[in-house]
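Below you'll find the structure, written out as structure tokens, and then a few comments.
Side chains are part of it too, since the values below use all heavy atoms of this structure and drop only hydrogens, waters and symmetry mates. Predicted model, so just to flag it, every value in this text is computed and none were measured.
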Amino acid sequence: MVTIVEEAPAKINLALHVRHRRADGYHALETLFAFAQDGDRITVAPAGRDGFAIGGRFSAGLAREGDNLVTRARDRFRAAVAPVPPVAITLTKALPIASGIGGGSADAAATLRALARLSGVPVKRVMPVAASLGADVPACVLGRTSRGTGRGDELEELDGLTDLPLLLVNPLVAVSTAAVFAGWDGVDRGGLALGNPMAVALAGRNDLEPAARAVAPVIDTVLATLAEQPGVRLTRMSGSGATCFALFDDVAGRDAADRAVAAARPDWWRMASRLA
């Protein structure tokens, strides 16, 4: 058995429309998922017994032992997909925690992909397990631009946004997803448009932004800072926040914006990347 490395790229909601609260307690969503080319990393290596370790910039914010999405993904894979011998899993945590870019979901998804490779099973077989771990996990397993409906776990793959320059910015304020959904005003403002993904994104919105701004007013400042950068095509909050993104016409514009944000707010987290 060889060591397997799987990237766990940041998830971006280019648009997020909340339609209504479902009978099962989840919210009915229509969202346009995209993924960065960078993020966390999962390493799975042979071991005498199961182990789990966390490193990286944001490792201190996660429990180093016990239950989390990575170990749950491992255990549910074994129970529902295929037996796996003992493994040591290492999570390198580069993405902020509770930040609206699917860090935990991406980590669980990367774990499932790694175990599928290890077991020689098709990745599509992990999708029911992914859905059991969280609404964003199936999209993170797919890792491609897609339209999500239902809880966000009913996916339609889309083409057209690969390699677009991307800048992610987070003011390093953790935002509770539960608190943001609780603050949603309950108004259905309509579904996503159909057609070209960029046009859909531009015509869309994030219905959770007002509630997230109430929880973390600094999101206003992040969005305003990104919106004033030359060459920006779209800026919006991702997920339940507080990470915001900006898409640019070219790499030079993105890099100039990255430098400008770094100079103005060196205390904010930034990641310059591209859409996968």
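The side-chain heavy atoms of Val251 and Arg274, taken from C-beta on, include a pair separated by under 4.5 Å. With contacts defined as side-chain heavy-atom distances shorter than 4.5 Å, the pair Cys140/Phe35 qualifies.
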Could you tabulate the donor-acceptor pairs under 3.5 Å formed by side-chain atoms of residues 236-249, not counting sequence neighbours?
unit_1, atom_1, unit_2, atom_2, d
Arg236, NH1, Leu14, O, 2.6
Arg236, NH1, Ala201, O, 2.8
Arg236, NH2, Ala201, O, 3.3
Arg236, NH2, Gly204, O, 2.8
Ser238, OG, Asn13, N, 3.1
Ser238, OG, Gly100, O, 2.9
Ser240, OG, Thr177, OG1, 3.0
Thr243, OG1, Ser99, O, 2.7
Thr243, OG1, Asn170, ND2, 2.8
Asp249, OD1, Arg233, NE, 3.4

Atom pairs and distances, donor-acceptor, side-chain atoms in residues 191-198, under 3.5 Å, two or more places apart:
unit_1, atom_1, unit_2, atom_2, d
Asn196, OD1, Met198, N, 2.9
Asn196, OD1, Ala199, N, 3.0

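The backbone N or O of Ala139 sits nowhere less than 3.5 Å from a side-chain atom of Asp136 that would complete a donor-acceptor pair. A donor-acceptor pair under 3.5 Å links the side-chain atoms of Thr71 to the main chain of Asn68, judged by distance alone. With hydrogens and angles ignored, the 3.5 Å screen pairs a side-chain donor or acceptor of Arg151 with a backbone N or O of Ala131. In terms of modelled atom types and a separation under 3.5 Å, the side chain of Ser273 and the main chain of Gln37 share a donor-acceptor contact. Panel note: side chain Arg41, backbone Glu6; no donor-acceptor pair is recorded below 3.5 Å. The backbone N or O of Ser132 sits less than 3.5 Å from a side-chain atom of Arg76, completing a donor-acceptor pair.
Judged as a ring-ring contact (aromatic ring centres under 6.0 Å, His included), and not counting sequence neighbours, His17 has no contacts. Not counting sequence neighbours, the partners of Asp220 by the side-chain hydrogen bond (donor to acceptor under 3.5 Å, both in side chains) test are Arg213. Partners of Phe181 by ring-ring contact (aromatic ring centres under 6.0 Å, His included), not counting sequence neighbours, listed by chain and number: His27.
Each salt bridge (charged side-chain N to carboxylate O under 4.0 Å, His left out) pair with one or both residues in residues 138-147, not counting sequence neighbours, appears once here: Glu30-Arg147, Arg144-Glu157, Arg144-Asp159.
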